[in-house]
Student: 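Take this structure first; my questions come after.
Scope of the values below: all heavy atoms of this structure, side chains included, with no hydrogens, waters or symmetry mates. As the structure lists them, so they are numbered: ligands from 1, and atoms in each ligand from 1.
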Amino acid sequence: MKIANNLTQIRNKISAAEKQFGREENSVCLIAVSKTRKINEIIMAINENQRHFGENYCQEAIEKIKAITQPNVIWHFIGPIQSNKTKQIAHYFDWAHTVDRIKIARRLDEMRPDNMAPLNICIQVNTNDEATKSGLSINEVEDFINELKHFKRLKVRGLMSLPKIKSSFEEQRNSFSSLKKLLHELGADNPELDTLSIGTTQDMEAAIAEGATCVRIGTAVFGPRDR
Ligand SMILES: *Cc1c(COP(=O)(O)O)cnc(C)c1O
């Protein structure tokens with residue numbers, strides 16, 4: 001029962017970090033990143049009461065989403081969003097964490113079915129030390145949020161980033177602190193922003209110290225992967 005043990009450990013670590021850094025109990029949501037994982041592995045996690053899953057590759061994700069019929073599973077799209085994938089993302093996911101272009105936002109809004117709740121959106125931010133080229137720079141985010149307000153089928157929830165992994169805890173915290181500050185500043189005019197999607201297996205504690213409300217954990221839940 002490796003996945004069960006892993007989940008127990010990671011939940012304990014999250015609780016410990018919440019305590020250590022003065023965060024409210026249960027204020028950090030665990031998104032189990034299930035990219036490249038098989039359906040039966042995801043079901044094992046569901047059987048351990050894991051409900052939030054993150055996927056990066058649209059095609060692969062949708063096969064899993066269709067096959068997994070357990071109730072109350074919440075799917076987060078966390079990979080780069082290509083224009084030709086917006087329809088599928090809008091139909092199958094509850095969240096998209098990596099929105100950084102108006103064109104993509106507009107398509108997600110147009111494609112989101114009327115009978116579904118609005119798609120929850122995080123804006124991907126690039127704090128200059130990111131693992132990818134994706135993301136808006138910090139000074140672009142406020143205008144972007146104001147533009148997103150026109151889209152009625154989207155619900156802007158907060159910010160996401162994926163910094164390069166630093167070796168020291170303090171450096172890891174530094175990568176996240178500008179985002180925490182930005183979310184706080186934006187909150188004055190946008191009280192609906194309640195999400196900071198930061199932290200992976202290697203920098204989860206630093207992310208929780210800097211206000212993460214969801215951490216996206218793959219390796220520590222499912223074990224190492226090839227891609
Ligand atoms: C793969 C991935 C993760 C999980 O990374 P781990 O190091 O396996 O925890 C988190 N966020 C994004 C955007 C990813 O692509």
Side-chain angles (χ1 to χ4, degrees), residues 2-14 16-17 28-38 41-42 44-45 48 50-62 64-65 74-82 85 89 92-101 104 108 119-136 157-169 171-173 175-176 179-180 195-227:
K2 192 161 140 293
I3 290 174
N5 288 341
N6 288 350
L7 276 170
T8 303
Q9 275 187 25
I10 202 91
R11 286 169 182 154
N12 289 342
K13 276 192 185 161
I14 290 173
V28 179
C29 169
L30 169 61
I31 300 176
V33 175
S34 48
K35 62 182 170 200
T36 79
R37 302 300 169 170
K38 296 196 175 65
E41 294 177 282
I42 298 174
M44 275 184 226
E48 302 300 321
Q50 179 61 31
R51 283 295 171 272
H52 292 265
F53 292 90
E55 289 280 344
N56 293 51
Y57 312 107
C58 202
Q59 197 72 26
E60 173 195 320
I62 283 161
K64 297 177 195 174
I65 295 172
I74 298 162
W75 294 100
H76 298 255
F77 193 80
I78 63 171
I81 305 179
Q82 290 158 357
K85 299 287 166 30
I89 292 170
Y92 286 99
F93 282 85
D94 303 291
W95 287 73
H97 287 237
T98 46
V99 176
D100 63 357
R101 287 186 288 155
I104 295 291
L108 289 171
L119 181 65
N120 295 294
I121 298 291
C122 289
I123 296 159
Q124 185 168 2
V125 182
N126 193 320
T127 55
N128 277 331
D129 61 350
E130 303 298 286
T132 65
K133 291 264 185 290
S134 315
L136 296 176
R157 297 293 298 271
L159 308 177
M160 176 271 193
S161 86
L162 183 63
K164 282 198 197 108
I165 301 296
K166 317 292 185 319
S167 47
S168 86
F169 184 74
E171 284 176 294
Q172 291 173 8
R173 276 191 79 153
S175 318
F176 294 130
L179 228 61
K180 176 188 180 180
T195 303
L196 193 51
S197 170
I198 50 175
T200 64
T201 295
Q202 295 179 72
D203 54 13
M204 181 186 87
E205 274 99 350
I208 293 173
E210 293 297 333
T213 63
C214 41
V215 290
R216 307 178 309 264
I217 309 295
T219 309
V221 174
F222 295 106
R225 52 169 193 273
D226 315 328
R227 65 185 167 105

Student: Among all residues two or more places apart in sequence or in another chain, which pass the side chain to side chain contact (heavy atoms under 4.5 Å, CB included) test with Thr127?
Tutor: Val125, Asp129, Glu130, Ile138, Ser178, Leu179
Student: Would Asp226 and Thr36 count as a side-chain contact (heavy atoms from CB on, under 4.5 Å) here? Give the steps.
Tutor: CA-CA 8 Å; Asp226 315 328; Thr36 79; over 6 Å; no
Student: For a distance cut-off of 3.5 Å, show me each N or O of ligand 1 paired with any protein N or O, plus the separation.
Tutor:
{"from": "ligand 1", "atom 1": "8 (O)", "to": "Thr219", "atom 2": "N", "distance (Å)": "2.8"}
{"from": "ligand 1", "atom 1": "8 (O)", "to": "Thr219", "atom 2": "OG1", "distance (Å)": "2.6"}
{"from": "ligand 1", "atom 1": "8 (O)", "to": "Arg225", "atom 2": "NH1", "distance (Å)": "2.8"}
{"from": "ligand 1", "atom 1": "8 (O)", "to": "Arg225", "atom 2": "NH2", "distance (Å)": "3.2"}
{"from": "ligand 1", "atom 1": "9 (O)", "to": "Thr201", "atom 2": "N", "distance (Å)": "3.0"}
{"from": "ligand 1", "atom 1": "9 (O)", "to": "Thr201", "atom 2": "OG1", "distance (Å)": "2.5"}
{"from": "ligand 1", "atom 1": "9 (O)", "to": "Gly218", "atom 2": "N", "distance (Å)": "2.8"}
{"from": "ligand 1", "atom 1": "11 (N)", "to": "Arg216", "atom 2": "NE", "distance (Å)": "2.9"}
{"from": "ligand 1", "atom 1": "11 (N)", "to": "Arg216", "atom 2": "NH2", "distance (Å)": "3.4"}
{"from": "ligand 1", "atom 1": "15 (O)", "to": "Lys35", "atom 2": "NZ", "distance (Å)": "2.7"}
{"from": "ligand 1", "atom 1": "15 (O)", "to": "Asn56", "atom 2": "ND2", "distance (Å)": "2.7"}

Student: Calculate, to the nearest 0.5 Å, the distance between atoms CD1 and CD belonging to Ile78 and Glu55 respectively.
Tutor: 8.0 Å
Student: Return the set of residues passing side chain to side chain contact (heavy atoms under 4.5 Å, CB included) with Glu41 (not counting sequence neighbours), or none when no residue passes.
Tutor: Ile3, Arg37, Lys38, Phe222
Student: Output all residues satisfying ring pair (Phe, Tyr, Trp, His ring centres under 6.0 Å) with Phe176, sequence neighbours left out; order by chain, then residue number.
Tutor: none
Student: Parallel, tilted or perpendicular: which describes the rings of Trp75 and Phe93, with under 30° parallel and over 60° perpendicular?
Tutor: perpendicular
